[in-house]
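Everything quoted here is computed from the prediction, not taken from an experiment. Below, all heavy atoms of this structure are taken into account, side chains as well, without hydrogens, waters or symmetry copies. By convention in this document, chain letters (A, B, ...) are assigned in the order of the sequence lines, proteins followed by strands, and residues within each chain are numbered from 1.
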2 protein chains.
Amino acid sequence: MVTIIAMSRKITQKKANLRDVAKASGVSVATVSRVMNSPQTVSPKTRARVEIAIRDLKFVPSAAARAINSGRTRFVGALVPTLDNAIFARFLAAMETRLIDSGLALVVATTNDDPEIEVQRAENMLKIGAEGLVVSGVTHHPDLHTLIERSQLPAIATSYYDLNADWPTIGYDNASASRLALQHLLDLNHRKIAVVHGPAEKNDRTRARLNGLTTELDVDFRFYETRISVESGVRAARDMLQDQDAPSAVLCLSDVLAHGVLFEFQRSGAAVPDRFSVVGIDDLPASAHSVPRLTTVHLPVSQMGTTTAEAMAAWVEDKVVPDSTQIHPVLQERESTAKYQPC
Amino acid sequence: MVTIIAMSRKITQKKANLRDVAKASGVSVATVSRVMNSPQTVSPKTRARVEIAIRDLKFVPSAAARAINSGRTRFVGALVPTLDNAIFARFLAAMETRLIDSGLALVVATTNDDPEIEVQRAENMLKIGAEGLVVSGVTHHPDLHTLIERSQLPAIATSYYDLNADWPTIGYDNASASRLALQHLLDLNHRKIAVVHGPAEKNDRTRARLNGLTTELDVDFRFYETRISVESGVRAARDMLQDQDAPSAVLCLSDVLAHGVLFEFQRSGAAVPDRFSVVGIDDLPASAHSVPRLTTVHLPVSQMGTTTAEAMAAWVEDKVVPDSTQIHPVLQERESTAKYQPC
DNA sequence: AATGGTAATGTAACTGGTTACAAGAACCTG
DNA sequence: CAGGTTCTTGTAACCAGTTACATTACCATT
């Protein structure tokens, strides 16, 4: 019985607001507001009365109303290509952790590397009140630039370091990341190198990495462009195995692809690193444990996330526009690469 | 010169609001509002004037002010233990995609499986105006229940199916997921089984899976409780290899752990499935390509994400409280399991 | 020219909080 | 007990939009 009454009341009950609480506790709206924001300034007995009313009416202050006064919504948006790649997940996790410390929440949206979708997502972020925006890479739809310019929204580009970009960048030099991997293979005397990479057209990080693949030496490159997935790595490796003029080394522009390659080589008995050297870029947690352990270029994405979060927090809180900061990839030598030996 | 003037103006320039635009274009605030929300009702010439003013003043409507009128913020929050495990990333990706279709954004926060942190994150979600909350599992800090109850916030528990929970649940029966894996091993005559799992104390999904591990048969279980990471899987496998009374099968309550186990067995030459059968739960993308391919219990998390998003959208848009819905795990037989053969 | 109907626009009240300022009450000091 | 502090509390303006309702403008009939 009691339950039923309570339930039916629950359904018809409108949300209580400040005025309701004020009325119920016989004080003014200002006093209720004070109880919520600076309780010390209210006398204990008044405060107690108000708190009871708050409890009874299940009063929850409106975030929007608060935001309209402070001009703050206390969250920032991040646009990433996908969540399916652990590299972004780790970046976001680091960023979120640091943002929370500044009392900022993180809103995530995925763009699937499509500039049009990216603009839509950015517009949505703005519409719901994001105070800042983090994007990946520096190449975007013109509308995104217009949007940011118009709205004066703090924006930071990540996974890329470029002092000439429209916005501050926090990231690494993608060209030198891939050059690091390439140089390692060259040092091991590899001259026939398969390069497995994700879609280049819409992804400037991939393009930059591809551009980093230059050398004075006479190298025979073979490019495999695919989706970024373990499966695609498997398929690329399968192709190589059927090639009578097979490469001696495989450079994957993403560890996810390298894992696929490693799996397929392993499965088909193609010895790594004896027959094929394999090197990746990213350094995912699994890369330290794969068989063989993957030599890869470590991208400090957690650090990137923390730095980005700090910069963003300082920007939205204190209006200090961050400088671009470069973080440095480092080659992580493990077991999947070895000196080239002609059979 | 021009640049400098433009810059200094930019710095001092306050953000324009509706009234400013109205003044600049010589119309009333209502007309400007109409230009933004229902342009057809405004005469073309007036509209043009207003649009120019909007452009000139770089007017961007305040999300908060809009929200205060509509009572809507158009985003919902999701609390997940971590982003580091691909299983959550995939769930969130699916949910985000579906929410976008309903014009809702997704705010993500991680709890690290800590009930206290979870409450804080939930409070934060509420403070910034989330219209709904998605959580993992059904066991939470009492304060979280109070919070949801007080605020009448639409809340859905996922990764768990339980009709008796405080909130609607959308997920699978974790006990039967692990039972599926166990039964498979039993059918293959395994009786000494290592169970590798994540921290049980704070994770009701893990506990439920553990509870599913019951049988009439005389089975010798050995439990390995660790962090959920590839590395932990490696370590557990290493332990097993040193055990003279080694198990014949390994049941991992998470694919991430299984991958670690597989890597270590592979590396040390312990044949899978001949010497050890290995089975997982989750079915990550990599599981179909590992060596050997991992037999695992497929959890349809993408479907779970979509369903959750639909339910949440219906709840916040049309106030229809969703029913709990169960999604069914299915055993995905691949190559990592085989009949037990005494050596 | 008067009437009517519709389309376009304006006025002002509203949303739900915060806060500057004013005013009243309580307390202290000489 | 007057006068001055300090502490509490209230009033009302304000934030930046939306929207019900009123008003005006415009065009077509009769």
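The separation between A:Q40 atom CD and D:dT8 atom C1' is 13 Å, rounded to whole Å. Rounding to whole angstrom units, CD1 of residue B:I54 and C1' of D:dG17 are separated by 13 Å. Spacing between atom CG of B:N17 and atom P of D:dT18 amounts to 12 Å, rounded to whole angstrom units. Between the CG atom of B:L18 and the C1' atom of D:dC14 there is a distance of 16 Å, given to the nearest Å. In this entry the distance linking CE of B:M36 with P of D:dG17 reads 9 Å, nearest Å. In this structure, A:R47 atom CZ and D:dC7 atom P are separated by 14 Å, rounded to whole Å. As a whole-Å value, the separation of B:N37 CG from D:dT19 C1' is 10 Å. Whole-Å rounding puts the A:R19 CZ to D:dA13 C1' distance at 11 Å.
Between A:S43 and D:dT9 there is a side-chain polar atom (N or O) within less than 4.0 angstrom of OP1 or OP2. In this model, the phosphate group of D:dT9 is approached by a side-chain N or O of A:T46 to a distance below 4.0 Å at OP1 or OP2.
Checking A:K45 against A:V29, the closest nucleotide of DNA chain D that is more toward the 5' end is the one next to A:K45. In this structure, B:T41 and B:I68 both approach DNA chain C, and ranking their closest nucleotides by distance from the 5' end singles out B:T41.
By the ring pair (Phe, Tyr, Trp, His ring centres under 6.0 Å) test, A:H141 pairs with no residue at all, sequence neighbours left out.
Residue contacts for A:V27: at a heavy-atom cut-off of 4.0 Å it reaches the sugar-phosphate backbone alone, with no base atom in range. In this structure, B:V42 reaches the sugar-phosphate backbone alone: every heavy-atom distance under 4.0 Å involves primed, P, OP1 or OP2 atoms, never a base. Heavy atoms of A:S33 sit under 4.0 angstrom from at least one base atom.
Side chains of B:T306 and B:Q303 form no contact here, defined as non-hydrogen atoms less than 4.5 Å apart. The closest side-chain heavy-atom distance from B:I327 to B:Y161 is not below 4.5 Å. Annotation: side chain of B:S62 is not in contact with side chain of B:N17 (no heavy-atom distance under 4.5 Å). Between B:I128 and B:F75, the closest side-chain pair of non-hydrogen atoms falls below 4.5 Å.
Scanning DNA chain C 5' to 3' for nucleotides with an atom closer than 4.0 angstrom to a non-hydrogen atom of chain B gives a first and last hit of C:dA8 to C:dG16.
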Checklist entry - Between B:W315 and B:I156, does a side-chain contact (heavy atoms from CB on, under 4.5 Å) hold up when you go through it step by step? => result CA-CA 10 Å; B:W315 199 346; B:I156 296 177; 3.8 Å; yes
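Judged purely by atom type and a 3.5 angstrom limit, A:N85 uses its side chain to pair as donor or acceptor with the backbone of A:I87.
Ring geometry, B:W167 versus B:H145: the interplanar angle falls under 30°, so the pair is classed parallel (tilted spans 30 to 60°).
Donor-acceptor pairing under 3.5 Å is lacking for the side chains of B:S102 and B:E317.
Taking the screw axis at each terminus of the helix from C:dA1-D:dT30 to C:dG30-D:dC1 from five consecutive base pairs, the angle between the two is 50° to within rounding of 10 degrees.
Candidate nucleotides D:dG17, D:dC21, D:dC14 were compared by shortest atom distance to the side chain of A:N69, and D:dC14 ranks first. Taking only side-chain atoms of A:A30, from C-beta outward, the nucleotide of D:dT18, D:dG10, D:dA13 with the closest atom is D:dG10.
For the pair B:G77 and B:A130, the tightest heavy-atom approach, listed with the atom from each and the gap, is N-CB, 4.0 Å.
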